[in-house]
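What follows is a single structure, written as structure tokens, with notes after it.
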Protein chains: 2
Amino acid sequence: MTADLNTWQGVRGEVLRRLNSRVWEPGDLLPTEAALAAEFGCARTTVNRALRDLASSGLLDRRRKAGTRVALNPTRHPVLRIPVIRQEIEGRGHAYGYALRSRRMAVPPADMRARLDVEPGVPLLHLTALHHADGKPYMYEDRWINTALLPAALSVDFDVLGANEWLVANVPFSGGDFRFMATGASRAEAEMLACAPGEALFVIDRTTHGDHGPATTARLTFAPGYRMSAQI
Amino acid sequence: MTADLNTWQGVRGEVLRRLNSRVWEPGDLLPTEAALAAEFGCARTTVNRALRDLASSGLLDRRRKAGTRVALNPTRHPVLRIPVIRQEIEGRGHAYGYALRSRRMAVPPADMRARLDVEPGVPLLHLTALHHADGKPYMYEDRWINTALLPAALSVDFDVLGANEWLVANVPFSGGDFRFMATGASRAEAEMLACAPGEALFVIDRTTHGDHGPATTARLTFAPGYRMSAQI
DNA sequence: CAGTGGTCTAGACCACAAG
DNA sequence: TTGTGGTCTAGACCACTGG
């Protein structure tokens with residue numbers, strides 16, 4: 001029993017079936033939307049949505065005039081769900097705690113300056129904080145904020161409110177990039193996160209772009225045992 | 001100058017602007033699609049696509065009858081691009097190498113058995129392999145394949161072809177989940193990956209589901225220095 | 001039950017890029 | 001130049017679910 005070819009999910013299923021069964025092989029050119037619509041007996045719009053969805057999953061390559069091809073590089077595109085840290089902790093049933101450790105204007109090191117795309121020698125707002133779960137260290141946050149783009153950050157009381165939360169609520173969002181890695185705990189990190197020096201820690205480097213450029217960059221270092229998940 | 005409100009990107013931009021400027025605050029109910037379409041002077045379809053896109057980004061919650069609300073939990077949904085390992089290495093200009101280390105039927109440990117949802121005591125195909133970049137160890141792969149769902153795997157010559165590549169090309173795809181973490185290198189891992197025992201390693205646990213259930217699960221352990229990136 | 005989003009249709013015009 | 005995907009429209013029916 002084949003799916004209903006009058007629904008876009010049904011069309012996607014049928015196309016997927018042909019991809020999996022090698023009716024269409026990697027690199028092959030698919031029929032045009034109009035042709036498929038005729039074959040399936042549905043509107044071109046329906047075929048369009050199905051193929052667009054498959055393309056967004058990385059299974060197809062679509063280009064105007066060139067047509068639709070089976071992707072040669074089958075990459076998967078899992079979607080991460082990255083919650084605000086407090087919700088992540090509370091969602092697991094733990095009590096959330098937050099402690100600002102330092103807050104000052106400072107000239108950023110070269111790598112941070114590059115990420116935020118600012119001139120050398122310009123001081124930025126530098127915050128460090130520790131997040132707790134049930135009183136135990138959970139994550140260490142080292143953040144730089146471009147106060148030229150976010151002057152409002154200067155008047156926020158980060159002693160009470162996590163920079164994370166303030167930012168997600170107040171930074172006009174336009175994009176961001178993430179890097180994930182593993183590092184051995186430095187002595188300072190080991191002390192803050194209550195672990196042994198050299199122990200493997202999960203790290204997220206995250207830069208968030210506002211409407212006028214990179215607004216803030218943060219390094220989040222998690223206590224041992226942290227796991228991040230994603231799904232397709 | 002506001003964007004063209006007759007395009008779905010334009011409508012998305014305008015809605016985004018109202019979200020950022022707190023015209024609509026978290027938890028607020030937005031006007032219906034029909035109302036917005038009337039206000040913007042476009043078709044409801046156009047509004048629908050814009051709101052659907054924002055909902056898929058996690059900024060809105062949509063439910064039939066209940067309407068569209070500004071998400072209370074502002075989570076971001078970055079999209080990972082996970083390439084086939086060979087393409088990842090070759091894409092960086094390095095020579096790719098692959099060496100199968102073991103291949104045998106074996107009864108999986110409890111955690112793997114749980115991930116693949118099979119009965120206790122059932123033997124599965126177990127593969128271990130090492131992937132190289134320019135002759136240096138890059139990633140260690142420890143994979144279990146449910147041969148009940150993928151009998152074809154038994155006749156594949158994994159000495160030559162990476163299981164990764166065979167699977168992405170041959171497993172009817174229906175979904176998967178990923179977990180990312182940092183671990184200290186065991187003595188065996190350290191030897192294989194040419195690093196010091198205890199050194200921090202990036203690990204991906206990945207389970208891929210076929211049409212009839214979990215088909216394969218793999219633990220990918222990367223040599224020190226590996227970074228994974230994602231973007232919004 | 002009834003309101004809201006989910007989706008389909010048929011037709012149309014447009015933007016882009018291959019040749 | 002011309003074919004292909006990208007998108008808009010107006011109208012319609014349906015599915016889900018809150019009240």
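Below, chain A is the first sequence line, B the second, and so on; all start at residue 1.
- When atom types are taken as modelled, the side chain of A:T216 and the backbone of A:W144 share a donor-acceptor pair closer than 3.5 angstrom.
- Look at B:N6 and you'll find a side-chain N or O under 4.0 angstrom from OP1 or OP2 of D:dT9.
- Computed from coordinates, the A:D61 CG to C:dA17 P distance equals 14 Å when rounded to whole Å.
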Review item, nucleotides 13-16 of chain C N/O atoms under 3.5 Å of protein N/O:
| from | atom 1 | to | atom 2 | distance (Å) |
| --- | --- | --- | --- | --- |
| C:dA15 | N3 | A:R64 | NE | 3.2 |

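- Aromatic ring pairs are classed by plane angle as parallel below 30°, tilted from 30° to 60° and perpendicular above 60°; the pair B:F202 and A:F202 is parallel.
- When rounded to the nearest whole Å, the span between CG of B:D53 and P of C:dG6 equals 13 Å.
- In the set D:dT9, C:dG5, D:dG5, the nucleotide with an atom closest to the side chain of A:T68 is D:dG5.
- Taking atom CG of residue A:L30 and atom C1' of nucleotide D:dT4, one finds them 13 Å apart after rounding to whole Å.
- A straight line from CH2 of B:W8 to C1' of D:dG6 spans 10 Å, rounded to a whole angstrom.
- Rounded to an integer number of Å, the gap from CG of A:L29 to P of C:dA18 is 13 Å.
- Salt-bridge annotation for B:E33 and B:R64: absent, with no side-chain N of the basic residue lying under 4.0 Å from a carboxylate O of the acidic one.
- With C:dG6, D:dG5, D:dT9 as the candidates, the nucleotide lying closest to the side chain of A:E33 is D:dG5.
- The shortest heavy-atom contact between B:D117 and B:P214 is CB-CG, 4.2 Å.
- At the phosphate of C:dT7, OP1 or OP2 sits under 4.0 Å from a side-chain N or O atom of A:R49.
- Note: CG (A:L51) to C1' (D:dT4) measures 12 Å, nearest angstrom.
- The nearest pair of heavy atoms linking B:V47 to B:C42 is CG2-SG, 3.7 Å.
- Ring centroid separation for the pair A:H131 and A:Y98 comes in under the 6.0 Å cut-off.
- Under 4.0 angstrom from either OP1 or OP2 of C:dA18 there lies at least one side-chain N or O belonging to A:R63.
- Under 4.0 angstrom from either OP1 or OP2 of D:dG6 there lies at least one side-chain N or O belonging to A:N48.
- Between the P atom of C:dA17 and the CZ atom of A:R62 lies a distance of 15 Å, rounded to the nearest Å.
- Base contact: A:T45 has a heavy atom under 4.0 Å from a base atom.
- For the pair A:A66 and A:T46, nearest-nucleotide mapping onto DNA chain C gives the more 5' position to A:T46.
- Under the 3.5 Å distance criterion, the side-chain polar atoms of A:R69 are matched with a main-chain donor or acceptor of A:G27.
- With rounding to whole Å, A:R69 atom CZ is found 11 Å from C:dA18 atom P.
- Residues B:R18 and B:E39 are paired through a salt bridge, judged by an N-O separation under 4.0 Å between the basic side chain and the carboxylate.
- Put simply, A:T32 has no side-chain N or O that comes within less than 4.0 Å of OP1 or OP2 on D:dG3.
- Phosphate proximity of D:dT7 to B:Q9: present, with a side-chain N or O under 4.0 Å from OP1 or OP2.
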